Amino acid sequence: MELSKNYTPKEVENKWNEAWKAGGYFNSTPDDRPAYTVVIPPPNVTGVLHMGHTLNETVQDILVRRARMKGFNACWVPGSDHASIATEAKVVAMLREKGIDKNALTREDFLKHAFEWKEKYGGIIYHQIEKLGCSVDWNRVTFTMDKEYYSAVIKVFTDLYRKGMIYRGARMIHWDPEAQTALSDEEVEYKDGEGTLYHIRYAIADAAGNPLVTPAKGEGEIIIATQRPETIMGDTAICVHPDDERYAHLKGAFAVIPLINRRIPIIFDEYVDMAFGTGALKVTPAHDINDYNLGLKHNLEIVDTLNADGTLSEAATIYVGEDRFAARKKIVAELREKGLIVKEENYATRLGYSQRTGALVEPRISTQWFLKMKELAAPALEAVVEGAIAIHPGDRFLATYKYWLENVKDWCISRQLWWGQQIPAWYDSKGNCVVAENEAAAYALYQQQFGTAEILTQDADVLDTWFSSWLWPMEVFKGISNPGNADVNYYYPTAVLVTGQDIIFFWVARMIMAGLAYNTEKPLEQAIPFRDVYFTGMVRDKLGRKMSKQLGNSPDLLQLIDEYGADAVRFGIMISSPAGNDLLFDTASLEQGRFFNNKMWNALKLVKMWEQKLSADLPEQDSFATEWFASRLNEARLQVDKLISEFRLSEALKVIYSLIWDDFCSWYLEWVKPAYEQPVAAAVFYKTVNFFSELLQLLHPFMPFITEEINSIIGNRTPLCIKTLPPDAVADTTRLAEGELLKQVITAVRDARVRNQLKPKQEIAVFLQTDDSDVYKNITNVWARQVNATSIVPVHEPVANCLNIVSGRDRLYIQAETPVDMAAQKQQLEKDLEYQRGFLISVEKKLGNERFVQNARPEVVAIERKKKADAEAKISAIEETLAQLDLDQK
RNA sequence: GGGAGCAUAGCUCAGUUGGUUCAGAGCAUCUGCCUUACAAGCAGAGGGUCCGCGGUUCGAGCCCGUGUGCUCCCACCA
């Protein structure tokens, strides 16, 4: 078989994706093996995978593939989220482009469009997941609006309603005027911004509405500061601090709203900060959460001057129908013109924006459905605090998690949208309400409760997307719609949840709540939705900026795969991804992955070449190299095991990378490589193929395609993805130490060659002066070959006219035809000597310190003694060598 | 306003019970090589007051205090 010069990912990746699918290797059904379950954090159905997803999916795939190779029945469930607001916004925009107004459509027609849209674009993410090599079970794809999933959500709603945990009520909520729906507190993102603080005059009047004093003196007015002059028509009071001397005379007085001349009371409350602005606050209960609370306390009237779409309502009486921002400009202009603005100042502020549409959020009073959170939060907190669920990395998020749960507020779960699970509440004409799982049940219930038959209409609202996704780990196995079924019994709880730290409240905490609320009959360890939570960092560009459409720094995943190959993308993103920290994405690391592919491809070519010239009779010359590498492999395997169990995947990959590139390719293969055109001993060849196979297996979870390909080319029949990892074995520490010594002396001689311009092809003779020739016994042959030495001869005396090297505590003499550069050698040796002497002094100082010798642990003292002996030996070796150089020079 | 985290080589980061073979890795840099697996490579090298200051200790990159500079989360005073 002819192998191409370089590795070509594209065909290989397609080929293996097909083969894996055909083999059904990633499809899981319950059996007698232990389960290892992962549910994908469902991406938005109409979205595309960005680099954050790519990181998360890669991490999950590594864990899942590794578990599968460890003998678990691994099951990774793919799926997507209907993402109510985001998707509905996209569908509305698409319809608008076609000239269709959503409000002109019936609910049914709109949903038809939405499902069409979902069919058209929903496949993109699945295609990307497959391209990336994710070993998901495609038989288990779940969508949060699937029929059964839908009914599970409804079931949970009605259940919680019956338990008294869900209620409906008028509250101040965050309103998204663009999507025209309520938002939960978590869906609001605050951003710093620059605002203007307007100081506006309000005239003062007595109870009858007459001015208190002459306005000309400037005393008949009260000045308030506001950022939102367009809301003054909604003012229902002016509030000042009771201790504020400036306003003490205004008890019982009234103020008059400018422009509309409506009279409002002046009230007194300690809530007001006397030092801020003028110390007088306009109170607008309909449009500010604090004012709302103040209004409740003082029994103030509520005047809602905004419509749902953010335009001014009839109640505003002026500028009705104008958009809130346009109205602000006009009102400011009018106030200014009438001399009612005293001052305008720039003001740093923070404003809330809708996470889904980006619109500036309005506080708004409206009737919504809420879920009581206190009861749900307590066990969810306990599960994490008591360690049933472990958050990685470390406990960094424990404090945040705890704080949120301890201060959690009721969850606003209704949304004024059509795309989502419609709230199963039915009303009669008087507003009486029944909640039931379907219309028929609702009618029956109504009849039972009210004793009459009436026409009922269903609540128009749908549920918050997270109210469906919090059931995800259960309902992907039908754990809600069909509790106790074989699948959910086998796969639940899942092993690990891999997700971004930004959705810890939206999703992670709520899944824990749902899991505990719907598995009350089980012990805690069985009720939790997952045992571990692994938070990946945020993917940024190489300058540390967030990835965004505006900056254009968010690469297209498929394009990257096309350019570098999926393995290289996975490698690049994992190698630069320290556990838990943000990741600075740079295509340079993808390139490194591509180079790594090639490196392995070339190792494959070498090994395949050997296969052509096998010699069955040739004995293995010496077994050192194979014995050493076997030990090295065992050692690395243990490291990888430990690192992966600690979710330190980036470091595990680095260990494997270095094991393959440095230890296998640079050292081992060179050590066993036959001379030019010489045959290879069959024994060595087969051992090498085994080593290679094991390396590929170790790397496979990280880079599944190329490993699978090479594994098959070197003759393994079983696909890597289902090949069980061999049990860990103990490494031979003697071999490992010999290997390190060998690397050291090879490098020492090569370094001497470079420094003295001895070409690699130039033959040399090496003499070794050592007290311990035993440690060199096994490695001398390889050593000589690797440095192109005709011989390595032990000596007891210095050899004249040679290159002098000190390696460890031993001395090497290199004999070559080229004359040696004495001065350069001397300089190097003297530098060494200086360092060693300094080192010795520090060790001696320590050992000379009685308190150290007495207090430190005995093994620490012993180590110091050994350091001292080594340093002394090395120093004398260097000194003798320097003396020899002087002799040579004479 | 409240809380959390970070600061180690030019860059990105390891450094897990405090012990100068512990100051490391990858990338980048420099030097020499087209050596029949690999120039997408090989061989070799250089590079750091471990943010400043103080303390604990026989001993501090590691522990404590403090200052500085970044990052994030929460709360949302007009």
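Given the structure is predicted, the values throughout are model-derived calculations rather than measurements. Scope of the values below: all heavy atoms of this structure, side chains included, with no hydrogens, waters or symmetry mates. Chain letters run A, B, ... following the sequence lines, proteins first and then strands; every chain starts at 1.
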How many angstroms lie between [atom1] in [X] and [atom2] in [Y], if you round to the nearest 0.5 Å?
{"X": "A/Asn290", "Y": "A/Met172", "atom1": "CG", "atom2": "CE", "result": "9.5 Å"}
{"X": "A/Gln355", "Y": "A/Glu186", "atom1": "CD", "atom2": "CD", "result": "9.5 Å"}
{"X": "A/Phe268", "Y": "A/Asp243", "atom1": "CZ", "atom2": "CG", "result": "10.5 Å"}

Using whole Å, what does the distance between atom [atom2] of nucleotide [N] and atom [atom1] of [X] come to?
{"X": "A/Gln854", "N": "B/U57", "atom1": "CD", "atom2": "C1'", "answer": "15 Å"}
{"X": "A/Phe535", "N": "B/C72", "atom1": "CZ", "atom2": "C1'", "answer": "14 Å"}
{"X": "A/Lys402", "N": "B/G2", "atom1": "NZ", "atom2": "C1'", "answer": "16 Å"}
{"X": "A/Asn407", "N": "B/G1", "atom1": "CG", "atom2": "P", "answer": "20 Å"}
{"X": "A/Leu653", "N": "B/U12", "atom1": "CG", "atom2": "C1'", "answer": "15 Å"}
{"X": "A/Asp541", "N": "B/U12", "atom1": "CG", "atom2": "C1'", "answer": "14 Å"}
{"X": "A/Leu3", "N": "B/A37", "atom1": "CG", "atom2": "C1'", "answer": "10 Å"}
{"X": "A/Leu405", "N": "B/G3", "atom1": "CG", "atom2": "P", "answer": "20 Å"}

Original post:
Can you tell me if A/Arg594 uses its side chain to pair, donor with acceptor, with the backbone of A/Tyr564 under 3.5 Å?
Top reply: no
Original post:
Under 3.5 Å, side chain of A/Ser184 to main-chain N/O of A/Cys412, donor-acceptor pair present?
Top reply: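 Answer holds: no.
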Subject >> Any side-chain heavy-atom pair of A/Trp175 and A/Val361 under 4.5 Å >> reply: no
Subject >> Side chain proximity check, A/Glu270 to A/Pro242, heavy atoms < 4.5 angstrom >> reply: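 A/Glu270 reaches A/Pro242 side chain to side chain.
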Original post:
Is A/Lys605 side chain donor-acceptor paired with the B/C38 base, going by distance under 3.5 Å alone?
Top reply: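 Counting by modelled atom types and ignoring angles, no donor-acceptor contact under 3.5 Å is found here.
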Under 4.0 Å, heavy atoms only, any strand: does [X] hit a base, just the sugar-phosphate, or nothing?
{"X": "A/Cys239", "result": "nothing"}
{"X": "A/Thr747", "result": "sugar-phosphate"}
{"X": "A/Asn6", "result": "base"}
{"X": "A/Glu670", "result": "base"}
{"X": "A/Ala588", "result": "nothing"}

Using the [atom1] atom as the point on both nucleotides, what is the distance between [M] and [N], in whole Å?
{"N": "B/G44", "M": "B/U57", "atom1": "C1'", "answer": "42 Å"}
{"N": "B/G52", "M": "B/G69", "atom1": "P", "answer": "16 Å"}
{"N": "B/C62", "M": "B/U20", "atom1": "P", "answer": "14 Å"}
{"N": "B/A75", "M": "B/A4", "atom1": "C1'", "answer": "15 Å"}
{"N": "B/U49", "M": "B/C42", "atom1": "P", "answer": "31 Å"}
{"N": "B/C63", "M": "B/U71", "atom1": "P", "answer": "24 Å"}
{"N": "B/A9", "M": "B/G26", "atom1": "P", "answer": "16 Å"}
{"N": "B/C38", "M": "B/A43", "atom1": "C1'", "answer": "14 Å"}

Between [Y] and [X], is the closest basic N to carboxylate O distance under 4.0 Å?
{"X": "A/Glu651", "Y": "A/Lys654", "answer": "no"}
{"X": "A/Arg648", "Y": "A/Glu646", "answer": "yes"}
{"X": "A/Asp870", "Y": "A/Lys874", "answer": "no"}
{"X": "A/Asp582", "Y": "A/Lys546", "answer": "no"}

**OP:** Using distance alone, with no hydrogens and no angle criterion, decide if A/Ser658 and A/Asp662 have a side-chain donor and acceptor under 3.5 Å apart.
**Re:** yes
Original post:
Regarding A/His199 and A/Thr278, is there a side-chain donor-to-acceptor distance under 3.5 Å anywhere?
Top reply: no
Going 5' to 3' through [range], assign each nucleotide B (protein heavy atom under 4.0 Å from a base atom), S (under 4.0 Å only from sugar-phosphate atoms) or - (no protein heavy atom that close).
{"range": "nucleotides 73-78 of chain B", "result": "SSBBBB"}
{"range": "nucleotides 19-26 of chain B", "result": "BSB----S"}
{"range": "nucleotides 31-36 of chain B", "result": "-----B"}

**OP:** Verify the contact: side-chain N or O of A/Lys5 to OP1 or OP2 of B/A37, cut-off strictly under 4.0 Å; return yes or no.
**Re:**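 For B/A37, neither OP1 nor OP2 has a side-chain N or O of A/Lys5 closer than 4.0 Å.
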Original post:
A/Trp661 side chain N/O closer than 4.0 Å to the phosphate oxygens (OP1, OP2) of B/C42?
Top reply: yes
Subject >> Secondary-structure string, 5' to 3', Watson-Crick or G-U under 3.5 Å, | for another-strand partners, for RNA chain B >> reply: (((((((..((((.....[....)))).(((((.......))))).....(((((..]....))))))))))))....
**OP:** Under the ring pair (Phe, Tyr, Trp, His ring centres under 6.0 Å) rule, collect the residues that match up with A/Phe596, sequence neighbours excluded.
**Re:**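 A/Phe596 satisfies ring pair (Phe, Tyr, Trp, His ring centres under 6.0 Å) with A/Phe571, A/Tyr657 once adjacent residues are dropped.
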Original post:
On RNA chain B, nearest-nucleotide positions of A/Leu606 versus A/Leu584: which is more 5'?
Top reply: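 That would be A/Leu584.
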Original post:
Excluding sequence neighbours, so at least two apart, what forms side chain to side chain donor-acceptor pair (under 3.5 Å) with A/Glu864?
Top reply: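 Side chain to side chain donor-acceptor pair (under 3.5 Å) check on A/Glu864 returns A/Lys867.
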Original post:
Can a cation-pi geometry be assigned to A/Lys191 and A/Tyr353, taking NZ or CZ under 6.0 Å from the six-membered ring centre and within 45° of the ring axis?
Top reply: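 So A/Lys191 does make the cation-pi contact.
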